[in-house]
Amino acid sequence: MTEKGDKELLELETLRHSAAHVMADAVKRLFPEAKITIGPAIEEGFYYDFDFKRPFTQEDLAKIEKEMHGIVAAALPFVREEVTREKARGIFKAEPYKIEILEELPEGEPITIYRHGDFVDLCRGPHVKDTGKISAFKLMSVAGAYWRGDEKNAQLQRIYGTAFPSQAELDEHLVRLEEAAKRDHRKLGRDLDLYSTMDEYGGGLVLWHPKGGRIRDAIETFWKEQHYKNGYDILYTPHLGRATLWETSGHLDFYRDSMYSPMDIDGNDYFIKPMNCPFHIMVYKTQMRSYRDLPLRWAELGTVYRYEKSGVLHGLLRVRGFTQDDAHIICTPEQIDNEIREVLRFSMFMWKSFGFTDIKAYLATRPEKAVGEPERWDQAIAALKNAVTEEKLDYELDEGGGAFYGPKIDLKVRDALGREWQMTTIQFDFNLPERFDMNYIGADGQRHRPYMVHRALLGSLERFFGVLIEHYAGAFPTWLAPVQAVVISVSEAQSTYAAKVASILRERGVRVDVDDRNEKLGFKIREAQVKKVPYMLVVGGKEVESQAVAVRSRASGDLGAMPVAEFADRIVSEIAEKK
RNA sequence: GCCGAGAUAGCUCAGUCGGUAGAGCACAUGCAUGGUAAGCAUGAGGUCACGGGUUCGAUUCCCGUUCUCGGCUCCA
């Protein structure tokens, strides 16, 4: 982030935070009995939480917006004032939430209030010069929210809004929201017949339809091929494990809330796995390991089940059963620098292959409460830092933000609409090797504790698929498209030839369908176009005559006729190049 | 789980101020044999989410339940 970017961001936040004040003012004017709480700027705009006896309706929102326009038109100046604690208590005597915040402010810190017109709010600021600066805003929605985000506290009414320096930027933002709605993977998933979820058999559990299955298979095939190329081996482990395993791993102590109830098998409790790592460790422990065996890189497309509250389930992005593209790297201290660098380089290669080029790293270091020797933490963090630096990745440091068992790098990828998604995690673990007493024999003939790194590259196939659908708006590149080409006959007379063309292409590994239905050409073209098939191969009398296909591309229209073999070469090389 | 809004055909939605429901797309059948984004006609398809109440009568009104969607992480 440049200095200029920082400054712009601050200005936008100031504008939005000021807009939140104007909204609170409008609400207090219309509903004097509403209690104000807090109203910060957020990534997409701003919100303000109110304690009010009934929920705000769409009509209320329209009224509030109108009232806000009045306040903006009046161009009331924002006035900063520093007050004593005593005076602030007087000003906010009718606002219990403000008093609560006030009482928590440390002694000695200046207490500031901001006024515009008759409205006054306890606020650190800063604000824009006057309310007239907030011309381009819009109220978006109402939602419930808990005081301080804690469900034990009072439920408040939260009004979301957004504001921009200019109307043009606001309009652009609204268009972007519409575009995002059009790309919603839940809508495209149904329209393109990719997957479904139904509460009929259980919410948050995904059915992959044939077309979604084709895409998943293309992803998995590429994934496996690349893992082998990069020195990984692939494991398969069970869906269930005995309670003793999860006791040793600590999951039953720390993670039980996210695990499903046990089932009884021959008098022992078994749990459905929420993670794959204990099984990989069990594989490690089947023999005595030498430093000469390390590093071990073991990957698995492992399906895990985790309990998620019903209210948070969301299409493919938040589910209860999902397949992690998991891997565990087990190595010696001398190897970690290289291993981390390699895993990061590999991750970047994979993201690029799937069409994501804007990637940012988030590095989280040692928290207060942590297990493992400090020297190991230091070495691990150094390895992570070296790797991001060598990959020339932008990164943010989250000092103390790591898990208790190790530091990590998360990668966030930006999609075609500029939205950031947290996908890859590269996570050190100083806990499990201890708990399972993992070791290897070093060159010195002594037992040593190996380093262990968890890595989920795409994250989960379900979530990755959801993001991929939205990134491409359903128009997958040819190598991923469920149907890569459809042969369309002009009339029934070309059915046999169409089938022949399809079988030639299938021989070459192309996913091809035949549409020889008794429909008009235009109708079949439209349908293929709507289904976002990359290539339409029209065959009529002329093509039969010349043993050719008339190629139409999804993106650039009619490309003219060419011999079948020529088209086959063309699409096969396109697929090989991951286009 | 909590707050709010919803639930009508496979999908998107209309409608009934209480008298057992409609459209477009999709599907089926027939006609049309068509050269680059929707040919024509006919038909089938609904416990109006589920349970209870009020009523002569409830898909419609009331209560409850289930599920879906938007939030519940952004902190003066």
Side-chain angles (χ1 to χ4, degrees), chain A residues 13 16-17 20-21 24 36-49 52 54-58 60-61 88 92 95 97-106 109-114 120-125 127 140-160 181 184 186-187 190-191 193 196-200 202-203 257 307-315 422 488-494 517-531 536-543 550-554 557-561:
Chain A
E13 273 178 18
R16 287 171 172 175
H17 182 53
H21 275 227
I36 56 175
T37 68
I38 57 164
I42 54 175
E43 201 175 319
E44 299 263 283
F46 62 88
Y47 69 78
Y48 211 114
D49 286 347
F52 191 45
R54 64 166 178 85
F56 293 111
T57 62
Q58 280 306 312
D60 294 334
L61 236 58
F92 296 108
E95 297 290 354
Y97 295 92
K98 288 294 173 191
I99 294 290
E100 191 179 324
I101 294 159
L102 179 67
E103 296 309 338
E104 285 172 15
L105 288 179
E109 192 165 314
I111 293 167
T112 56
I113 60 171
Y114 276 81
V120 56
D121 201 352
L122 179 67
C123 178
R124 177 168 43 202
H127 281 282
M140 306 303 289
S141 60
V142 198
Y146 299 99
W147 171 235
R148 312 208 134 160
D150 187 338
E151 55 189 84
K152 289 185 205 74
N153 288 341
Q155 178 113 27
L156 309 172
Q157 304 297 321
R158 172 172 298 179
I159 303 179
Y160 283 94
D184 191 317
R186 291 166 300 177
K187 178 179 157 48
R190 188 174 49 233
D191 291 351
D193 196 15
S196 58
T197 58
M198 264 183 271
D199 55 275
E200 226 171 293
D257 286 350
Y307 174 71
E308 297 280 359
K309 292 182 178 185
S310 63
V312 307
L313 300 177
H314 183 91
Q422 206 243 288
I488 299 175
S489 58
V490 172
S491 78
E492 281 175 319
Q494 295 87 34
R517 287 175 305 168
N518 190 10
E519 295 288 351
K520 297 187 76 161
L521 179 61
F523 178 86
K524 294 195 270 191
I525 296 265
R526 179 184 148 78
E527 205 167 278
Q529 200 74 45
V530 167
K531 286 185 179 158
M536 287 149 264
L537 308 177
V538 177
V539 295
K542 282 181 280 181
E543 286 73 25
V551 181
R552 179 191 162 99
S553 124
R554 168 181 71 190
D558 198 343
L559 302 181

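Numbers restart at 1 for each chain; the letters A, B, ... are given by sequence-line order, proteins then strands. Treat the numbers as computed from the prediction; the structure is a model and nothing was measured.
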Exercise for the section: Select from A:Gly541 and A:Asp191 the residue whose nearest nucleotide in RNA chain B is closer to the 5' end of that strand. Expected result: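 It is A:Asp191 whose nearest nucleotide is closer to the 5' end.
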Handout entry: Nearest-nucleotide 5' precedence on RNA chain B, A:Gly522 against A:Gln157
Key =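 Nearest nucleotide further toward 5': that of A:Gln157.
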To the nearest angstrom, how far is [X] atom [atom1] from [N] atom [atom2]?
X        : N      : atom1 : atom2 : result
A:Glu492 : B:rG35 : CD    : P     : 15 Å
A:Glu519 : B:rA26 : CD    : C1'   : 12 Å
A:Arg554 : B:rA37 : CZ    : C1'   : 15 Å
A:Arg526 : B:rA37 : CZ    : C1'   : 6 Å
A:Phe523 : B:rG35 : CZ    : P     : 16 Å
A:Asp60  : B:rG4  : CG    : C1'   : 12 Å
A:Arg190 : B:rA26 : CZ    : C1'   : 13 Å

Practice task
Determine the interatomic distance between C1' on B:rU60 and the same-named atom on B:rU20; round to the nearest Å.
Solution key: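 Comparing C1' positions in B:rU60 and B:rU20 gives a spacing of 12 Å.
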Problem - Main-chain N/O of A:Cys123 paired to A:Thr112 side chain as donor or acceptor, under 3.5 Å - result: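 Yes.
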Exercise for the section: Could you tell me whether the side chain of A:Lys98 and the main chain of A:Asp121 form a donor-acceptor pair under 3.5 Å? Expected result: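 Not confirmed, A:Lys98 side chain does not pair with A:Asp121 backbone.
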Exercise for the section: Between protein and nucleotides 69-76 of chain B, map the contacts as a letter string: B base, S sugar-phosphate only, - none, heavy atoms under 4.0 Å, written 5' to 3'. Expected result: SBBBSBBB
Exercise for the section: For residues A:Tyr97 and A:Ile38, determine if any side-chain heavy atom of one lies less than 4.5 Å from a side-chain heavy atom of the other. Expected result: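 A:Tyr97 vs A:Ile38: side chains apart.
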Exercise for the section: Tell me what A:Ala550 touches on the nucleic acid: a base, only sugar-phosphate, or nothing, going by heavy atoms under 4.0 Å. Expected result: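 Base, at least one base heavy atom under 4.0 Å.
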Practice task
For A:Glu543, report the nucleic acid contact type (base, sugar-phosphate, nothing); a contact means any heavy atom under 4.0 Å.
Solution key: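 Base contact.
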Practice task
Check A:Leu559 against A:Ser553 and note the closest heavy-atom contact, atom names and distance.
Solution key: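 Taking every non-hydrogen atom into account, CD1-CB, 4.0 Å.
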Exercise for the section: Apply ring-ring contact (aromatic ring centres under 6.0 Å, His included) to A:Phe52 and list each qualifying residue two or more places apart in sequence or on a separate chain. Expected result: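 By the ring-ring contact (aromatic ring centres under 6.0 Å, His included) rule, A:Phe52 matches A:Phe31, A:Phe56.
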Exercise for the section: Kindly indicate whether a cation-pi arrangement holds for A:Arg16 with A:Phe46, taking the cut-offs as under 6.0 Å to the six-membered ring centre and within 45° of the axis. Expected result: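 The answer is no, since A:Arg16 fails at least one limit relative to A:Phe46.
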Practice task
State whether the number of non-hydrogen atoms from other residues, nucleotides or ligands found under 6.0 Å of A:Glu103 atom CD is greater than 12.
Solution key: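 Above 12, so yes.
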Practice task
Can you tell me which stems RNA chain B forms, taking runs of 3 or more consecutive Watson-Crick or G-U pairs with both distances under 3.5 Å?
Solution key: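 Ordered by first number, the stems with RNA chain B (at least 3 consecutive pairs each) read B:1-7 with B:66-72, B:10-13 with B:22-25, B:27-31 with B:39-43, B:49-53 with B:61-65.
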